Amino acid sequence: MPILGGYYYLTRCIGVKHHYKRTERQRLIFDSAIKGFIFILPTYLSSIFLKSYFPGPVARLKFIPVTVPFFHTFLFACLFSVISTHVFNFLYRKREGLYLAKAIKMAGNSMQQDLMKSFFDEELLMITLRNGKVYVGIVVELNEPQGQSYIRILPFYSGYRTDTMDVDLNTDYLSVYQGLENESSDSKAMETVICEDDIITTTFYRQKIFNRFRENPTV
């Protein structure tokens, strides 16, 4: 039960879950045991205090007739971990993005860090897919790395890589957005979901630099 409580906290609490979803399973189990032991300490000390000063009510609280030593201590430690998780999530739910950014900085690869920077700083990112499709846009949603991970982008331009691997951006979404300035739901419908496994390159998009290469490809 203590390991289960520690596992629940590490995988559900927004303060740490983004980090542990990026670590190996062996490390997660080990840290779950440590966290479970930490939850046992306040429960055990509380039980000693209550038994010393309120022995009668404590005896009546043992509603589960189990004689295994420390069973009730472990049970309440597990419940305490669940309650602590939801209290933390309620108090700090607005800071989840910061915890996600911290986890990516610590354990994310270079591409994930580029995606994170586009998401938090709203920087334009050029993304090339395996099929040659190219998108230029802002990442508006990051997904957890469970199985296949996906991102959602708001595209500004799209196109493809030519046979010589030059970029041809032949679709301009900005002209469409101009007529949807007061209709956020319509612009949201333009968002595109991309599987991270399909991405082969990412680079931050600068219009001046792109124009220079387009005007003089030998630069």
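Nothing fancy with the numbering, it's 1 onward along the sequence. No experiment lies behind these values; they were computed from the predicted model shown.
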*How long is the gap from OG1 on Thr128 to CD1 on Ile199, to the nearest 0.5 Å?*
9.5 Å

*asked:* Are more than 12 heavy atoms, taken from residues, nucleotides or ligands other than Tyr92, located less than 6.0 Å from that residue's OH atom?
replied: no

*From Tyr20, Tyr7, Tyr9, residue fulfilling side-chain hydrogen bond (donor to acceptor under 3.5 Å, both in side chains) relative to Asp31*: Tyr20

_Between Leu125 and Tyr135, is the side chain to side chain contact (heavy atoms under 4.5 Å, CB included) condition met? List the steps._
CA-CA 8 Å; Leu125 196 66; Tyr135 287 100; over 6 Å; no

_Distance-minimising heavy-atom pair for Phe156 and Asp172_ = O-OD1, 3.7 Å

*Val167 and Arg161: side chain to side chain contact (heavy atoms under 4.5 Å, CB included), yes or no, with the steps?*
CA-CA 5 Å; Val167 178; Arg161 292 273 182 178; 3.3 Å; yes

*Is a side-chain donor or acceptor of Asn89 paired with a backbone partner of Ile14 at a separation under 3.5 angstrom?*
yes

_Within this structure, what is the NZ-OG1 distance for the pair Lys133 and Thr171, rounded to the nearest 0.5 Å?_
5.5 Å

*Nearest-0.5 Å distance that lies between atom CE in Met126 and atom OG1 in Thr201*: 8.5 Å

*Assess Arg152 against Tyr150: is NZ or CZ under 6.0 Å from the centre of the six-membered ring, and within 45 degrees of the ring's axis?*
no

*Phe88 and Tyr99 aromatic ring geometry - parallel, tilted or perpendicular at 30°/60° bounds*: tilted

_Crowding at CD1, Ile3 (>12 non-hydrogen neighbours, <6.0 Å)_ = no

*What pairs with Glu123 under salt bridge (charged side-chain N to carboxylate O under 4.0 Å, His left out), at least two apart in sequence or on another chain?*
Lys117, Arg206

*asked:* I need the Tyr160 OH to Asp166 CG distance, nearest 0.5 Å.
replied: 10.5 Å

_Distance-minimising heavy-atom pair for Glu122 and Ile138_ = O-CD1, 3.7 Å

*asked:* With a 6.0 Å cut-off (strictly less than), is the heavy-atom count around CD of Gln113, excluding the residue itself, greater than 12?
replied: yes

_Residues that Lys35 engages under salt bridge (charged side-chain N to carboxylate O under 4.0 Å, His left out), provided they are two or more places apart_ = none

_Heavy-atom pair with the smallest gap, counting every atom of Thr192 and Pro155_ = OG1-CG, 4.0 Å

*Is the backbone of Leu115 close enough, under 3.5 Å, to the side chain of Ser118 for a donor and an acceptor to pair up by distance?*
no

_Distance check, rounded to the nearest 0.5 Å: Ser158 atom OG versus Ile127 atom CD1?_
12.0 Å

*Where do Tyr205 and Leu169 land on the side chain to side chain contact (heavy atoms under 4.5 Å, CB included) test, with the steps shown first?*
CA-CA 12 Å; Tyr205 182 81; Leu169 299 177; 4.0 Å; yes

_Let me confirm one number: the CG-CZ distance from Leu142 to Phe120, rounded to the nearest 0.5 Å._
6.5 Å

*Apply side chain to side chain contact (heavy atoms under 4.5 Å, CB included) to the pair Lys102 and His18, showing each step before the final yes or no.*
CA-CA 9 Å; Lys102 182 179 179 180; His18 300 294; over 6 Å; no

_Arg93 atom CZ, neighbour heavy-atom count above 12 within 6.0 Å_ = yes

